[in-house]
Novice: 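Quick one: the structure is below, and I'll ask about it shortly.
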Amino acid sequence: MKLPDRKETEVRGLLEGGPPVAVPHDLAERAVMRGLRMTQRRRTVQLVLWAFFVASVAFAVWAVLAEPWVG
């Protein structure tokens, strides 16, 4: 005899349960807004990191050409 599968038992319990939980009507709009904020924050961080990288390279080039450590 085959033992009942745990996943099958859980699915049957969900299907035979009460009415589904109500989803807020503005859930999709809030998800889109959150995604846009996350994307904007990621772009800002990338821009700052690129600016730091460019400044570091510019400083290194200046230091090699000007040789400020030579008296």
Novice: Parallel, tilted or perpendicular for F53 and W50, by the 30°/60° rule?
Specialist: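 Perpendicular, since the angle between the ring planes exceeds 60°.
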Novice: Just how far is it from atom CE of M33 to atom CG of D26, taken to the nearest 0.5 Å?
Specialist: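 With rounding to 0.5 Å, CE (M33) is 11.5 Å from CG (D26).
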Novice: Distance from T9 atom OG1 to L14 atom CG, nearest 0.5 Å?
Specialist: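 Going from the OG1 atom of T9 to the CG atom of L14 covers 11.0 Å.
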Novice: Using the side chain to side chain contact (heavy atoms under 4.5 Å, CB included) definition, which of the options R41, R43, R37 pairs with T39?
Specialist: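 So, applying the side chain to side chain contact (heavy atoms under 4.5 Å, CB included) to T39 and each of R41, R43, R37, only R43 qualifies.
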Novice: Please check if the number of heavy atoms outside E10 that lie under 6.0 Å from its CD is greater than 12.
Specialist: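 More than 12 within 6.0 Å, yes.
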Novice: How close do A63 and P68 get, counting heavy atoms only, and between which atoms?
Specialist: O-CD, 3.5 Å
Novice: Within a 6.0 Å radius of atom CZ on R34, are there more than 12 heavy atoms belonging to other residues, nucleotides or ligands?
Specialist: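 Atom CZ in R34 is not crowded, with 12 or fewer foreign heavy atoms closer than 6.0 Å.
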